Structure formats: C-alpha cells, structure tokens
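Just so you know, these numbers use all the heavy atoms, side chains as well, and skip hydrogens, waters and symmetry mates. Everything quoted here is computed from the prediction, not taken from an experiment.
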Amino acid sequence: MTLEGCQIQDPQLSGWLLDPIDPATCFQDLLNKHCRNPRTTPALESKKVSQIITGLYSLYKLNRELCSKLQSQGLWSLYVDMELKMIPVLASMEVGHINVDKEALRRTSDLLGTKMKQLEQEAHKAAGQMFLLTSSTQLRTVLFEKLRLHEQCENKKLPKTINKQQSTSEAALLQLQDLHPLPKIILEYRQIHKIKSTFVDGILSCMMTKNYISSTWHQTSVVTGRISASHPNFQALPRQPLQVTRKLFISGKEDAVVTVHPRAMFIPKEGWTFLSADFCQVELRLLAHLSSDPELLRIFTNPEADVFCMLASQWKGVSKTEVSSEDREHAKRIVYSVVYGAGPERLSGILGVSTEQARRFQDSFLQTYMEVQNFIQKTVADCHKKGYVLSIMGRRRTLHNINSPDWGARMQAERQAVNFVVQGSAADLCKMAMIRIFNLLSTSNSLSARLIAQLHDELLYEVQDSQVEQFAAVVKSTMESLERIDQLNIHLKVPLKVAVSSGKSWGSMSELIVPQSLPSF
DNA sequence: CTTACCTTC
DNA sequence: TCTAGAAGGTAAG
C-alpha cells in the first residue's frame with residue numbers, strides 16, 4: 001500500500017480538532033472525555049481475547065462519537081480533507097533523511113568550546129574571582145554584592161526577578177554594560193553557549209552514529225493548528241549566522257572572524273538542491289482579508305511591495321532601498337506586537353522608546369488601520385458571545401476564560417482569540433499547500449521532489465538539480481492559487497505572494513526568479 | 001502580543 | 001538525591 005492511498009480514521013486528531021487546548025493524549029483519556037460509559041483498558045500483558053474485543057468495540061464507539069461531534073460542529077471537512085490528509089504528508093517528511101555535514105558541526109563545536117573557555121577566563125579576570133558563568137545566582141553575587149554595580153545606576157531602573165532580587169537578564173546586563181567589562185562578556189558567553197548547546201551539540205546528539213537527522217513532527221501539539229517539530233526542533237534553528245572572533249596566537253596576525261551558521265550544516269544529497277517556498281507576510285495578508293482594511297489591502301495590491309520594508313523606511317526615515325534586514329525584522333515585530341494586543345509596557349521595550357511614546361505609536365497605528373481595530377473588537381465581541389472563535393477554514397478554539405471575572409485572564413483570552421483567527425487561518429493555508437503539492441508529486445511522472453521540513457509559512461524541499469526550475473514553477477503557482485478555493489468558498493481579497501529560493505545548503509539560499517506561467521507537465 | 005521546543009538551574 | 005517548573009533563549013507570525 002502506498003502512503004497516499006491511506007484512508008484511515010484517527011480519534012486523536014478528532015479529539016484535538018474538537019478541543020485543541022486539551023489534546024487528550026491517550027485512548028483512555030479520549031474515552032473518558034467523549035463516551036458515556038468508558039471502559040478501562042487493562043494493561044497490555046494481561047489482555048485476553050475478550051478484552052481485546054471489548055477494547056476494539058470501545059474504539060469503534062469512540063470514533064463514531066467523535067465523528068458525530070465533528071459533524072455537528074462543522075469540523076468534518078477540516079478533519080477529512082485536511083487533517084487526515086496531512087498524515088501521509090507528515091509521515092513522508094519524517095521518514096526522509098536530512099543530510100548533515102557532521103564534520104563541520106564537530107569543528108564548530110570545538111571552535112565554540114575554545115571561545116567559551118576564553119570568555120570564561122576573561123570573565124574571571126574582570127570579576128577578580130572564579131565563578132560559574134551559567135549560574136545566575138553566582139553572577140548576581142559578583143555583579144551586585146562584590147562589584148555593587150547597581151549603586152552606579154540609580155537613575156536607571158534595573159529589572160528585578162520575581163523574588164525582588166536583582167535580575168541578571170539580558171535587559172539588566174545591557175543597562176550595566178557601560179559600567180564594567182563583565183556584563184558584555186556574559187552577554188557574548190550566553191549567546192555562544194546557546195548556539196553551542198542547542199544548535200551544535202544538540203543537533204549532534206540527535207544524530208548518534210548516523211550523519212543525518214529526521215525530526216519528529218507533531219500534528220496535535222499546537223492549539224492554532226500549526227505543526228511543530230522536535231529532536232531536533234527544526235523550526236527553531238537560527239536564521240542569522242553568528243560572528244565569532246577567534247584569537248590567533250600568531251604575532252602580527254589579526255584575529256580571524258569566523259561565521260557560525262547552523263543552517264549551513266544541512267546539505268542536500270549529491271545531485272540535489274534545496275528549494276524553499278515562502279508565503280510572504282501571510283498573517284498580515286490574512287489580516288487584511290479578514291478585516292477588509294482598505295489601507296492594508298491597498299498596500300498588497302502592488303505585488304512587488306514589501307510591507308515591512310515600507311513601514312521600516314517610513315518609521316526610520318530612510319529610503320526603501322536602504323532598509324537593512326534588521327530594520328525589516330524590527331518593523332515586523334512591531335506590527336505583529338501591536339495587532340496581537342501588546343500593551344504600551346511591552347511595546348516600549350520592542351520600540352526602544354518610553355511607554356508614553358509607545359502608547360502614542362499604538363494609537364496612531366490603529367487609527368491608520370481603522371478596520372483592523374474594528375476586526376479585533378468584532379472578534380473579541382463575537383468570542384464573548386459564543387465562547388469560541390473560528391479560522392478561515394472553520395478550525396475552532398474555545399476560550400474558557402473569555403468571560404472570566406479575572407481581568408488578566410480575560411484579557412489574555414481576548415488576545416488569544418484574535419491571534420487564533422489569524423494564525424489558525426495561516427496554518428490552514430499552509431497545510432492545504434502541503435497537501436496539494438504532495439498530491440501533485442504523488443501523481444507526477446516527471447517530478448521527484450521531497451518535502452524536508454515545514455517552517456510554518458515556508459516549505460523546504462529537496463529537488464533533483466535538473467528539476468529545480470520546473471518544480472519551482474509548480475510550487476509557486478500551487479501555493480499562490482490558494483487565494484481562491486471554490487470548494488470552501490474562500491476568495492481572498494488580497495493576492496498571495498510566494499518567494500522561492502534555492503541553494504546547496506540551507507544556510508545559503510538565494511532567490512529564484514520564477515517566470516509567471518502555468519506549470520506544464 | 002501569540003504559538004511552539006530546548007536548556008539550565 | 002531527584003524532579004517539576006520557571007526563566008530565558010531560539011523560531012514562526
């Protein structure tokens with residue numbers, strides 16, 4: 001039997017769709033939750049034939065109960081046409097290998113190890129004593145009891161921990177960095193330590209004797225419908241490379257600067273190329289559609305325009321061509337923070353201005369995009385009335401605290417409701433794209449591409465060198481065509497834009513110009 | 001602001 | 001001595 005021929009049922013998926021916040025993990029939990037007379041299932045070793053039959057009958061009843069609930073809540077199509085069809089897609093992704101340059105990974109591990117030893121020595125020298133750099137408790141003693149740095153900055157407000165102690169968080173160290181060399185050393189040490197432990201040694205430990213990894217993909221672990229990955233979490237590998245200065249103990253030589261890029265360790269097999277297809281600003285486009293905000297819609301009518309670049313150039317007062325990638329990322333963070341309900345306190349941290357200025361910024365943003373504000377208010381009001389919200393394809397999230405007397409809990413539920421509608425809708429679109437491309441590949445005689453990973457709005461494939469151009473066209477047009485899904489009565493008010501890039505490692509992808517034409521087979 | 005996973009203490 | 005959870009990091013939007 002082929003993977004694409006699967007026609008199965010999955011009570012775990014049903015249970016998750018009905019209540020994604022509490023994905024009853026095992027058979028027994030599902031029985032308890034959804035069946036009137038749940039039978040306890042005995043331990044495996046003591047099972048008699050009759051008990052197995054009883055268990056199977058319970059399973060049959062459970063599935064029937066779940067299916068009927070799905071139908072009554074309008075979740076049937078999402079279950080059958082999306083989630084069940086994702087099973088073979090995820091299975092094929094999980095079965096496949098992702099080749100890793102293990103030797104390069106080992107070399108970087110050593111490099112970062114020596115760099116950390118150097119930083120440790122510098123830190124001990126700066127502190128005038130030995131201490132464990134990874135221990136926030138010991139660092140607190142050095143910074144505030146020995147060096148008493150907090151006494152030199154009474155005009156600044158240093159962050160405190162939950163227990164009213166001096167914090168050693170990044171924000172605190174940034175405040176202290178001009179007073180003493182130690183904070184800067186700690187900041188660099190932490191950055192390198194993080195990369196080494198999680199993204200270099202962590203990846204190595206996922207490989208054991210192999211020289212490839214294959215993540216585990218989880219379908220029911222994210223409430224909004226996104227998928228997640230573990231061992232390793234492929235979706236969290238750093239996007240930006242890290243610069244490490246390496247001291248050379250050769251007289252007359254400058255220190256060498258080495259760039260460490262975990263993504264560059266992932267390489268396609270011989271004769272193949274990585275191809276990535278990215279839905280551009282997908283949540284913001286969906287927000288434009290869902291809110292019908294004329295100003296936001298107008299921005300997206302120009303297919304070449306990059307909203308975040310535009311806003312960054314506007315806010316920072318530089319020309320659009322001179323917007324750095326950091327500026328763009330910054331603008332992106334600001335936009336999503338505001339639309340998902342960040343308070344002036346948090347926003348001021350992101351913007352780097354006072355809370356009063358942050359509040360003014362928030363007001364003027366929401367005034368500019370009036371219908372976005374309207375959409376937020378309508379979504380919240382609707383959720384208060386019904387107790388749940390829906391995504392574009394009918395995915396559902398019940399917000400148990402939406403009418404809570406606890407102000408904090410209620411506000412959080414309101415933000416979660418708004419976030420769900422947009423993030424959930426984006427997840428719907430991305431999954432639909434994965435399924436359509438999977439089906440296309442399954443029936444194609446000429447294409448042999450394989451899905452490597454999904455990074456929420458981005459699909460990463462491994463493609464035979466000779467098929468890159470053809471596959472790029474297929475992927476781009478398939479993804480962009482989701483602007484209209486007649487069967488589901490979805491007609492987006494904004495065009496979808498997909499950027500395609502390719503490369504011989506995941507760390508060195510460059511944009512691919514795909515001619516606008518219908519794919520031909 | 002939201003959604004995850006991973007590491008350290 | 002062991003472990004659950006908090007804090008702080010990464011990603012995605």
Side-chain angles (χ1 to χ4, degrees), chain A residues 20-21 132-140 159-163 165 167-173 186-187 189-203 205-206 215-240 242 262-263 278-287 307-308 329 331-351 358 362 365 376 389 391 397 399 411-427 429-430 453-459:
Chain A
I21 200 93
L132 197 55
L133 271 72
T134 51
S135 163
S136 50
T137 317
Q138 292 186 32
L139 179 62
R140 181 155 42 235
K160 296 273 165 61
T161 62
I162 294 277
N163 321 319
Q165 284 184 301
S167 169
T168 59
S169 66
E170 182 178 10
L173 296 180
I186 300 292
L187 284 170
Y189 182 88
R190 282 187 184 168
Q191 192 178 30
I192 291 173
H193 181 256
K194 172 70 189 184
I195 298 286
K196 185 178 187 301
S197 66
T198 311
F199 303 115
V200 180
D201 297 346
I203 299 282
S205 73
C206 289
S215 294
T216 308
W217 295 91
H218 308 280
Q219 197 171 351
T220 59
S221 73
V222 187
V223 290
T224 55
R226 279 162 40 149
I227 60 173
S228 74
S230 62
H231 305 108
N233 178 5
F234 201 79
Q235 295 173 317
L237 277 110
R239 198 218 275 271
Q240 292 300 126
L242 175 69
R263 287 194 180 193
D278 190 321
F279 273 124
C280 302
Q281 310 103 21
V282 66
E283 286 189 18
L284 202 55
R285 282 171 194 262
L286 279 165
L287 183 66
V307 211
F308 298 123
E329 281 307 303
K332 182 166 141 183
R333 262 190 88 192
I334 294 166
V335 169
Y336 286 120
S337 311
V338 174
V339 307
Y340 292 135
E345 193 78 340
R346 179 65 78 91
L347 193 58
S348 77
I350 299 165
L351 283 165
Q362 190 178 26
F365 185 96
I376 293 169
V389 281
S391 76
R397 177 170 182 179
L399 280 302
M411 293 306 279
Q412 187 181 28
E414 291 182 357
R415 293 189 299 268
Q416 288 170 324
V418 175
N419 180 267
F420 177 89
V421 177
V422 185
Q423 190 181 118
S425 300
L429 279 185
C430 295
Q454 188 249 39
L455 296 99
H456 304 123
D457 65 325
E458 176 184 348
L459 302 178

Whole angstroms only, please: what is the CH2-C1' distance between A/Trp217 and C/dA12? 12 Å
Would A/Glu283 and A/Arg226 pass as an ion pair if we require N to O under 4.0 Å? yes
Is any side-chain nitrogen or oxygen of A/Arg263 closer than 4.0 Å to OP1 or OP2 of C/dA11? no
Does a side-chain N or O from A/Ser221 land closer than 4.0 Å to OP1 or OP2 of B/dC5, or not? yes
Tell me if the centroids of the rings in A/Phe308 and A/Tyr336 come within less than 6.0 Å of each other. yes
Which nucleotide in the set B/dC1, B/dT7, B/dC6 lies at the smallest distance from any side-chain heavy atom of A/Ser197? B/dT7
By nearest-nucleotide position on DNA chain B, the 5'-leaning member of A/Pro344 and A/Asp201 is A/Pro344
Nearest to side-chain heavy atoms of A/Arg226, which nucleotide of B/dC5, C/dG13, C/dT10: C/dG13
Return no unless some side-chain N or O of A/Arg239 is found under 4.0 Å from OP1 or OP2 of C/dA12. yes
Does the side chain of A/Gln362 reach to within under 4.5 Å of the side chain of A/Pro344, using non-hydrogen atoms? yes
Modelled atom types, side-chain donor and acceptor of A/Ser221 and A/Ser228, under 3.5 Å: yes
Whole-Å gap separating P (C/dG9) and CG (A/Leu237): 18 Å
Whole-Å distance separating the CD1 atom of A/Ile203 from the P atom of C/dT10: 15 Å
Taking CZ from A/Phe308 and P from C/dA12, how many angstroms apart are they, rounded to a whole number? 12 Å
Taking side-chain contact (heavy atoms from CB on, under 4.5 Å) as the criterion, tell me which of A/His456, A/Gln454, A/His218 meets it with A/Ile227. A/Gln454
OP1 or OP2 of B/dT3 versus the side-chain N and O atoms of A/Gln416: is any pair under 4.0 Å? yes
Expressed in angstrom and rounded to an integer, what is the separation of A/Ile195 atom CD1 from C/dA11 atom P? 8 Å
Report yes if a side-chain nitrogen or oxygen of A/Lys194 is closer than 4.0 Å to either non-bridging phosphate oxygen (OP1 or OP2) of B/dC6; otherwise report no. no
Rounded to whole Å, please give me the gap between NE2 in A/His193 and P in B/dT7. 10 Å
Rounded to whole angstrom units, what separation is found between the CZ atom of A/Phe199 and the C1' atom of C/dG8? 12 Å
Closer than 4.0 Å, any side-chain N/O of A/Arg415 to the OP1 or OP2 of B/dT2? yes
